[in-house]
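Protein chains get the first letters and strands the later ones, always in sequence-line order, with residue 1 at the start of each.
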Amino acid sequence: MTNFWLFKSEPNTYSFNDLVNDGVTEWDGVRNFQVRNWLRDTIKTGDQILFWHSNAKEIGVVGSAIVVKDGYPDHTAWDPLSDHPDPKSSPDNPIWYMVDIKPLKEFMKIITMQQLRDHPALVDMVVLKKGNRLSITPVTQAEYQTVISLSEDS
DNA sequence: GCCAACGTTGGC
DNA sequence: GCCAACGTTGGC
């Protein structure tokens, strides 16, 4: 069964354009247990993704992507030279997980957070909830399709 | 740069 | 197991 998710990234660090250029990427660096559990157990190949730019000039959804590899250990955790090492994680006893994703579609225009807030079908969208800080949040199929349809408006 | 919200750490 | 202190996230 296909599930739908929203992945946040800071474009200064890794933008949707970087993903387009890379073709496929390892979604490494998640160091939050709730999100880790989703990456390990729930997010599966074929699941669809809204790609969000946070901490940016324009905040919102800039494109869509798809999961191409189920969760597997995040090897950057035991690489002391990585951007987010965790010495408690090891190949024998991995703590952190990641999936691989590839881009589907780059939106012609960003769908801003304000546009999403203004849309009555998206009032329950998790990413819009106050205090939400998870780097990955679940999206319903209806919410996903609403956002995609917004991206197709001219 | 500010600060609200939340997760983690560590003393007790 | 409580909770204060601290660090991080991320919109504004």
Start with the C-alpha distance between A:D92 and A:S90, add both sets of side-chain angles, then the distance that settles side chain to side chain donor-acceptor pair (under 3.5 Å), and finish with yes or no.
CA-CA 5 Å; A:D92 287 341; A:S90 68; 5.5 Å; no

Kindly determine whether A:D22 and A:K102 satisfy salt bridge (charged side-chain N to carboxylate O under 4.0 Å, His left out), including the steps that lead there.
CA-CA 8 Å; A:D22 289 346; A:K102 75 175 187 189; over 6 Å; no

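In the hydrophobic clustering of ILVMFWY residues, with side-chain heavy atoms under 4.5 Å counting as a link, A:F51 and A:W38 come out together.
Within the structure, every pair that satisfies the ring-ring contact (aromatic ring centres under 6.0 Å, His included) test and touches residues 78-106 of chain A, not counting sequence neighbours, is listed here: A:F33-A:W96.
In 5' to 3' order, the nucleotides of DNA chain C bounding all contacts with chain A (an atom under 4.0 Å from a heavy atom) are C:dG7 to C:dC12.
Of the two residues near DNA chain B, A:R133 and A:N55, the one whose nearest nucleotide lies more 5' is A:N55.
Heavy atoms from other residues, nucleotides or ligands lying under 6.0 Å from CD of A:E58 number 12 at most.
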